Number of protein chains: 2
Amino acid sequence: MARRVDPHERRELLADALMRLAAERGLEAVSLRHVAAEAGVSTGMVQHYFRTKDEMMTFALGMVMDRIRRRSQALSVPATPRELVRGLLLQVLPLDETRRLENHVVLAFLAYAAVKPALASGLRESAAEMRTFLADQLRAAGADGVGHEQAAAGLLALVDGLGLQLLSRQYADEDAVAALDAQLALLFGRR
Amino acid sequence: MARRVDPHERRELLADALMRLAAERGLEAVSLRHVAAEAGVSTGMVQHYFRTKDEMMTFALGMVMDRIRRRSQALSVPATPRELVRGLLLQVLPLDETRRLENHVVLAFLAYAAVKPALASGLRESAAEMRTFLADQLRAAGADGVGHEQAAAGLLALVDGLGLQLLSRQYADEDAVAALDAQLALLFGRR
DNA sequence: GGAATGACAATACAGTTGCAACGCAAAGGA
DNA sequence: TCCTTTGCGTTGCAACTGTATTGTCATTCC
């Protein structure tokens, strides 16, 4: 067995195992051996594809952000700005098991990045990206009232906060959606 | 030296050291030895006051939540509901070093509690407490539009999200305050 | 048909972890 | 005065950590 394998595919396999671990037992449970066990491979193989643990973490975080981005882009079917905004923000909320898992991982990495600034840049980027997109849509819709940048930032913060509360089960899914809709009504006008 | 010491005071000393560690180097850096070193005592003493690491973590989290609550209650000088709400929410945002530190710790524990449900209940409680307080104030102010419970939940989520973004330095302090004020204007009416 | 190479597996190693056990000094009651 | 209790320091231990080293194949190229 030589060159036959696709390295990127292997890395994704391992990163998937890492995600499952992080979501179910926290980032503290992520060790080379645990990831290997979860993926059903040897620790040697993990080391083969990630020379260091940090490299593994960085790759996994990048993968998660990439998936979220990709799902959002697949969303850009013709629609009104308001529908676009709502769709995008609903994409981010943890309303099903896959996105629960992803949000768990993002939360874990958020706490991790608060201490390891090298990882924070990726998170910052994708947030900024989403913020300008939201602001553009708000402008296009002619949303009145507050500045568009500010409203976009507020929406993003709202969704982040709702996500947090959903994760810790303080809140039912439909209540979170209702809170989001209420805010959209305030910004775009009722209905 | 025997009975002279106040056990609770000692525990707070140790929990303080834990907080500093968690804020500066993350929860992963919190070990019995590190906490002992940071507090300038022996690991034996840490073990004397906390029989297990989990007991130490739980106590520290409780202490942080207590401090936040206490600061909020000290705030209830006569004021209009709107001022009260603004004051309370500004209390929660990480706008100075102490509160940055506290928010860091809360974030770390949030990620931790997402995996250790035993710790989550405390967080849930204090959030619910704050939500009903906010809803009461909104009702008292006769804020129109959306339901009061929903608006309160939205405000809380907004502040949580803003806190997250402030912590990861995605955002300037004054922008966060502006976003909060914009939302208050939407709810209470301009000015 | 070697030789080189890529893909792993196994093991070793030094450091760190939570926790238990033991030790001992000082204060108070008997 | 003894003796128990409280408060803490020290040491030890088994488990686990990230990383480095080495070994073992199967495959591909010359």
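Note that the coordinates shown come from a computational prediction; the quantities given were computed from them, not determined experimentally. Each chain gets a letter, A, B and so on, in the order its sequence line appears, and its residues count up from 1.
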Original post:
Taking the side chain of R33(B) as heavy atoms from C-beta outward, which of dT17(C), dG9(D), dC8(C) is closest to it?
Top reply: dT17(C)

Expressed as a whole number of angstroms, how long is the span from [X]:[atom1] to [N]:[atom2]?
X: L14(B); N: dG7(D); atom1: CG; atom2: C1'; value: 13 Å
X: R10(B); N: dT6(D); atom1: CZ; atom2: C1'; value: 12 Å
X: F50(A); N: dC8(C); atom1: CZ; atom2: C1'; value: 15 Å
X: H48(B); N: dC22(C); atom1: NE2; atom2: P; value: 18 Å

So, does [X] get its side chain near the phosphate of [N], meaning an N or O under 4.0 Å from OP1 or OP2?
X: S31(A); N: dT17(D); value: yes
X: T52(B); N: dC19(C); value: yes
X: R51(A); N: dA20(D); value: no
X: H34(B); N: dT17(C); value: yes

Original post:
Between the main-chain N or O of L156(B) and the side-chain N or O of R131(B), is there a donor-acceptor pair closer than 3.5 Å?
Top reply: no

Original post:
Does the distance from a Lys or Arg side-chain N to an Asp or Glu carboxylate O, for R67(B) and E102(B), drop under 4.0 Å?
Top reply: no

Original post:
With sugar-phosphate meaning primed atoms plus P, OP1 and OP2, does V46(B) contact a base, only sugar-phosphate, or nothing at under 4.0 Å between heavy atoms?
Top reply: nothing

Original post:
So does R169(A) have more than 12 non-hydrogen atoms from other groups sitting under 6.0 Å from CZ?
Top reply: no

**OP:** Between A29(A) and Q47(A), just flag the one whose closest nucleotide in DNA chain D comes earlier from the 5' side.
**Re:** A29(A)

